[in-house]
Each structure stands twice: as structure tokens, then as C-alpha cells.
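A, B, ... follow the sequence lines: proteins, then strands. Residue 1 opens every chain.
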Amino acid sequence: MQLLNLTPLDALFDPHIPALTSTAPSSRFATATRSHLGGELRASHVGAKVKLGGWVHRTRNLGGIVFLDLRDRAGLVQVSFDPKWTPADVIERAGKLGLETVITLEGEVAARPVEMRNAEMEAGEIEVRARGFQIVGPAETPAIPVARGKGEKLPAEELRLKHRNLDLRRFELQKNLILRHRLQQATRRFLDERGFLEIETPILTKPTPEGARDYVVPSRVHPGEFYALPQSPQLYKQLLMIAGFDRYFQIARCFRDEDLRADRQPEFTQIDIEASFISPEDIISLTEGMLAVLFQESGHDIPPKFERLSYADAMERFGSDRPDLRYALELFDASEAFRGSEFGIANSALAAGGRVRGIRIPGGATLSRKQVDEIELVAKSAGAGGLIRLKRGASGLEGPAAKFLSESAAQRLAVGEGALCLLVAGAEHVTSPALDRVRQDVAQRLSMVPEDKRSFLWVTDFPLFIREQNGGLSSVHHPFTAPNPEDIKFLDSAPEKVRALAYDVVFNGTELGGGSIRINDPALQRKVLSLLGIDSQTAQLRFGFLLDALSVGAPPHGGIALGMDRIAMMLAGASSLRDVIAFPKTTAARALFENAPSAVPPEDLRDLHLQTMTN
RNA sequence: GGGGCCGUAGCUCAGCUUGGUUAGAGCACUCGACUGUCACUCGAGAGGUCGCGGGUUCGAUCCCCGUCGGCCCCGCCA
């Protein structure tokens, strides 16, 4: 199933498999028991006496002669046991080896006769002629297979997570985690070269006002008190700026106790960056440079500068703050065409201050009634009352709403030959999400997403606040985001009009990260907190340490955080975060391999001054 | 919190539609044959709490209810 907004990149890019190891003639992995990785042996090694160690991936016992594929981190190599070079008792034992047994062996690299080469194997031109071997790690029959037959499906994900040690032996996952390692090293190199300091921040900390639920850790020495795991190192990195470190980064683990998705884990990793004396442009070009390096790490060139779109434009033209710009399908406003008409749905929306908005779909007339019904379902699930359908027929516009439209109004909608027009009436918060979903759904259906195209985009000028259902304000980004200086004058009169100095980076409709310039004026910070409904007493209690720090000489500063897991997932061409995390959690935030969470003994609870409410 | 899909041998699946003898296949496993295979091949064998609990029924893998677990989505979450 295609994930919403998460297009696996293997469709986009040539499947680029980074070499798992060096293929230098002499292995960097040599130890007393092993001279090479078997998977890195090539024709250039022919004649070499080698000692290998690895897992029995597959065996082929032909009676007098035995072949086995030995697997290690670098790949597979065929080992042959033949009376011409192998003692009889060794062949006998080799024929009985079970899959996933760990063995060490001694032998010689030999070229295979031409007709016996295996073009599907990287080491298919050679084989290792074994003289002897030792079982160093006996294996029971594995619970899930590591070697799969062609076309054989993966075991159920539940089993893969339960037997993660076996699943991680598969090349796909090894490749993904090695890619992730490279991305992390490239990140460190890139930022280090630019003067950024990697500084660790606490894991046991105070609740951060990020909006998500905190994971909470009880204190043994302070009855009834708790730490929280960080949702991000936000406040710490600001404190580091105030302390004068000037440029900071961290490949930081973050924790959020919210329900999961394929692209969401309860603990995840961010490339967290903060710098002083900078403008949004500095952060933007730094991020562009870094993403170029990261994409380069898996072989992809990206544009040096990304497109830009203001939040207002993005919402108006695409109904989303992270639009996928690989295809057009822009939204338009059809309100004027319906103003004064007898069309009830449109009228009530307009009367309530809403609008009629929609998209024109070139070639959309070919969509069947059933398909449009399905699209309507998508719109409804995003909150729309329904879809107003219009298309051009022989006698003008057709559709239930057509008869309410005057000639000039119909003209105005500019529905072309063969096009379908889908409209949603309602308030902004109804039309935008609905049309965003419709736009994506239609693009998928009509194959309008170019597989070879990539869209990198900055969305800027986010609003600082959003009006909650209960009438209060809350932060769009977080409470420490600086307002645009031009808009500070609206803070009291029209806070929703205040733009933030915040920016998100979006790739193919997926948010890769976001950041902002932070408030470094304690008075302004207090002001923003009070607008958020946090009275000064509470502000002092929760953020006093920040407010105090801002008062003792805080440089202007700002930064960004990028989702490491998502970037790794996209570059690996994976469809789930779980495939780029060594030990991920299930959608119920459970760890199946080690079985966490689990109950603790009553005496431990007593030490922590805790009681559980069972039933 | 809500919706959808799934759960049968160690693994991947069939059987369930329309309840009824002994629940099948491929791979893996055990035993045997086989001297150039590469998903080796061939023969034989072992392997099942049909996720769990309850209900309907003379009888439930199959129908109903509940529950547990996994996945996807909405809410939630940058």
C-alpha cells in the first residue's frame, strides 16, 4: 500500500546499492581467524590462500561434491568441497551443515570455469576451494528464513520484529543500516567542517512544551517527581547558544508518546542544528548544502537551491503546507461563480464566510462515476461535506450544480474539453485539507506523478499562532519561534496575522525538517507565552530557566531539525521507518524482540513510590 | 479513542464461499540416493491447541460475539 506522501525512492532513482565494504585487495576486516570477507573476493584474488568466517546461507549437496554459499557483511561467496582438493571427511561434514551455522574455513580462491560463473552473484566469477572448516557457532533451525527463494515473500512483520537478529541478517536491512551509518558520518563531517560542535544534551529532562505527550520517568530519590524524555533538545540548544558555543549540532534521539504510523516511531532521530548570529537564509543554504551531501551519499544529485513558497501561497494553491510539486493540479477559487446563485451548498458556505474552491483535472472526464465516488470518499474523510462535480459536455457544463450557474459564471470556471472540475464548499480548514487529499488521490489515479522528478521546496512565513477550537492560541511551530519583526505590531490586535521566522523543508510532499529563528528578547518571549495563555507565574515555573538565560546576554540565534529516520528511509527506498531502524517498535509502541514495555517487580515500584492502577 | 485488513505446520500459502471422514502444498527439518551445483535434483519421513476465550449447532478451522497480537488509516503527533 502506497503511503500517503511517502513515495519510496526506489521508484524514483536507479537502485543504487552502496558498496557494503571496501573492495580493496587486502581486507580491512582481517583478524587472526579471518583474512578476508568472503563477499568481497573477486577475480583479482584468484590464487590467494584465504581464511573466511561467516554464516551458511545455503547448501547444495551433490553427493560426492558439496557447494555452500557463505555469507558475511560483504555478501555471498561460493565455497566448493571437492575430492580434488578437500579431504573426504571434510566433504562428509560439509554436506550436513545446517543453515545459519557460523563456520570458519581455509581454502584458496579459484576462478570458476566460464560456464559455471554466476552472473547474479557479485563474487560469481570465483569460488573458494575449501580444505577444511570448523563449526564455531552452531545454529538451530532458524525461526524465520534468512535466505529466500525467488519470489518468496518476507515473513510476517510481527515475526521479523520478534526475531530481529535473524531479520537483520538479510542484505536489504544490512544495506539500509549501512547507508544510515554513512548518512550520519556525512552529517558529522559536513557540520564539523563548518565549525559546528557536537554537544550532547540530557535524556532525563523536564517536559518540553512541544505539544506531544511526554514519556515520563519516575524519580527514586524524589518521591512523586518525574523526569520527561526530551521531545527534542530545543531548549538545551538555545541555552548552548546563550552560553556562547555559537554553532551546535547533535544527532539527537527524541521521544514522543503519540500513536504511531509507518513514518512515525515513538523514539526517533533528528539532525538537530542551532547557530548564533544567523538569518533564515543562513540556515536555508546550510540545509541545502547538507541535503546535497546526504543525497550524494546514495548517489543522487539535487538542485543547489530549492524552490520557495510562502505558507499562505502553499495553502492557497495546494491546500497543504507541504505540497508535492512534482505535478501541477493547482487549486482555484470558484466562489465568485456561485455568489448569488440558488445553489444551496455553495450559498451556505459563502454566507458563513467560507469559499468554494476546487481543482480542474485535465483529462478527468475519463474518470468513471465509481472512481469519482471514491475520490469523494477521500474528500469526506478529510472533512468535506462532499464534492461538487462539473464537466464540459456537448451542451455546456454538466453536473448537479450546473443548472445554478449563469452563462458567464460557467465561463468563468474555465472547465476545458475533457476536464473534470471538483469543488468543495466550506471554511478554509475544510476546503484545504480536503482538496489536498483530492489532489494527491487524483494525481495517483491519473499517473500524474513523474517518477523521475524530484521536488525540493522551502515553505516559509508560517503563521506564528493558530486559533484553537476553544478560542485560544497555540504555536504553529513552538513557543520560542520568533515573530517576523514586520508583524510584531499585530501581536495584540491580530495575532493570527503574525508571521513567524519559520521554515520547513519539503521533499516530494514529505516534510524532511523545519526550523526557525528563536526569540532572544525575554520581554518578547514573555509576551508570546502570555498570548499562548501561559500566565507569568506558570511561565516562570516552566520556562524560568530559559527566561533567566535570555536576560543575561542572549545572542540572536536559530536553527533547524531534520528527520534522520525519514531521510534514511527515503534514500534507502524503504516504505517504513522500521526498515531503517535496527530495533524498531510496533504500531502499539511495543518492542517484540526484547519484549518491552513489561511489568516491574513490586519492590521496584515501591522504590519509585509508584502504585499501578490495575482495573 | 475510532475505522479497515490480517492471524491455518518453523516459514510462505491453499482449504472456510455452502459447517460434516484422516486439514493440504512448496520451502525449511530428519533419513536415504546423487561428482559442478548455484532456489541443485530425486525418494521417504516427521511436523498442526487452525491466535485465545465464549456462543450457536448433533457437530465449528469455517457462522456469531469478545479478546490478544500485527499492519494501514483518521484523530493525535512536526
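Per the geometry, CZ belonging to A:R58 stands 11 Å off P belonging to B:C29, to the nearest Å. What separates NE2 of A:H477 from C1' of B:C77 is a distance of 14 Å, to the nearest Å. When rounded to the nearest whole Å, the span between CG of A:L166 and C1' of B:A28 equals 13 Å. If you measure from atom CD of A:E258 to atom C1' of B:C77, you get 5 Å, rounded to the nearest angstrom. We find that CZ of A:R261 is positioned 8 Å from C1' of B:G75, with the value rounded to whole Å. In this structure, A:L377 places its CG atom 17 Å from P of B:C73, rounding to the nearest Å. In this entry the distance linking OH of A:Y215 with P of B:C77 reads 15 Å, nearest Å. As a whole-Å value, the separation of A:R264 CZ from B:C74 P is 8 Å.
Counting any heavy atom pair closer than 4.0 Å across all strands shown, A:D82 reaches a base atom. When heavy atoms are screened at a 4.0 angstrom cut-off, A:A147 is found touching no nucleic acid atom at all. Nucleic acid contact class of A:R112 (heavy atoms, under 4.0 Å, all strands): base. Residue-level contact check: A:R578 touches the backbone only, with heavy atoms under 4.0 Å from sugar-phosphate atoms and none from bases. Using a 4.0 Å heavy-atom cutoff across all strands shown, A:Q265 reaches no nucleic acid atom at all.
Taking atom C1' on both nucleotides, B:G47 is separated from B:G26 by 15 Å, rounded to a whole Å. Nucleotides B:G48 and B:U67 have their C1' atoms positioned 23 Å apart, rounded to a whole Å. B:G7 and B:U12 have their P atoms separated by 11 Å, with the value rounded to a whole Å. Rounded to whole Å, the P atom of B:A60 lies 15 Å from the corresponding atom of B:A23. Between B:U17 and B:C64, the two P atoms lie 11 Å apart (nearest whole Å). Going from the C1' atom of B:G53 to that of B:U61 covers 16 Å, rounded to whole Å. For the P atom pair drawn from B:C71 and B:G24, the interatomic distance equals 33 Å after rounding to whole Å. Nucleotides B:G45 and B:A28, compared at atom C1', are 14 Å apart to the nearest Å.
In this structure B:A39 sits in no base pair that meets the Watson-Crick or G-U test at under 3.5 Å. B:G47 is unpaired under the Watson-Crick or G-U wobble criterion, no partner having all donor-acceptor distances under 3.5 Å. Across every strand in view, B:G24 sits in a pair with B:C13 that passes the Watson-Crick or G-U test at under 3.5 angstrom. B:G7: Watson-Crick or G-U partner is B:C68, with both key distances under 3.5 Å. In this structure B:G59 sits in no base pair that meets the Watson-Crick or G-U test at under 3.5 Å.
A:R445 is linked by a side chain to side chain donor-acceptor pair (under 3.5 Å) to A:E374, A:D441, counting only residues two or more places apart in sequence or in another chain. Take A:Y248 and apply the ring-ring contact (aromatic ring centres under 6.0 Å, His included) test, not counting sequence neighbours, and it matches no residue.
Applying the 3.5 Å distance criterion, the base of B:A78 shares a donor-acceptor pair with the side chain of A:D321.
Distances from the side chain of A:N118 to the nucleotides B:C38, B:A78, B:U35 place B:C38 closest. Proximity note for A:L99 (side chain, C-beta onward) versus B:C73, B:G75, B:A28: the nearest is B:A28.
Of the possible donor and acceptor atoms, none in the side chain of A:E100 sits under 3.5 Å from a partner among the backbone N and O of A:V146.
A salt bridge does not link A:D259 to A:R264: none of the charged nitrogens lies less than 4.0 Å from a carboxylate oxygen. Between A:E172 and A:R170 a salt bridge is recorded (basic side-chain N to carboxylate O distance below 4.0 Å). Classification of A:R129 and A:D82 as a salt-bridged pair fails, no side-chain N sitting under 4.0 Å from a carboxylate O. In summary, A:R60 and A:D69 engage in a salt bridge, as defined by a charged side-chain N under 4.0 Å from a carboxylate O. Using a 4.0 Å cut-off between charged nitrogen and carboxylate oxygen, A:R439 and A:D436 do not count as a salt-bridge pair.
Within the structure, every pair that satisfies the salt bridge (charged side-chain N to carboxylate O under 4.0 Å, His left out) test and touches residues 458-469 of chain A, not counting sequence neighbours, is listed here: A:R467-A:E496. Every pair passing salt bridge (charged side-chain N to carboxylate O under 4.0 Å, His left out) that includes a residue from residues 578-588 of chain A is listed here, sequence neighbours excluded: A:E157-A:R578, A:R160-A:D579, A:E267-A:K585.
The stretch residues 83-98 of chain A comes close to RNA chain B through A:P83, A:W85, each having a heavy atom under 4.0 Å from the strand.
Between B:U37 and A:R60, no contact under 4.0 Å exists linking OP1 or OP2 to a side-chain N or O. Contact between the side-chain N/O atoms of A:T586 and the OP1/OP2 oxygens of B:G70 is found at a separation under 4.0 Å.
With RNA chain B read from its 5' end, the first of the two nearest nucleotides for A:E158 and A:T59 is the one closest to A:T59. Nucleotides of RNA chain B nearest to A:V476 and A:N61 differ in position, and the one nearer the 5' end is that of A:N61.
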*Letter per nucleotide, 5' to 3', of nucleotides 4-12 of chain B [B base touched, S only sugar-phosphate touched, - untouched; heavy atoms, 4.0 Å]*: ------SSS
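Checking A:L97, A:L52, A:V79 one by one against A:I103, the side-chain contact (heavy atoms from CB on, under 4.5 Å) holds for a single residue, A:L97.
Aromatic ring orientation, A:H57 versus A:F171: tilted (interplanar angle from 30° to 60°).
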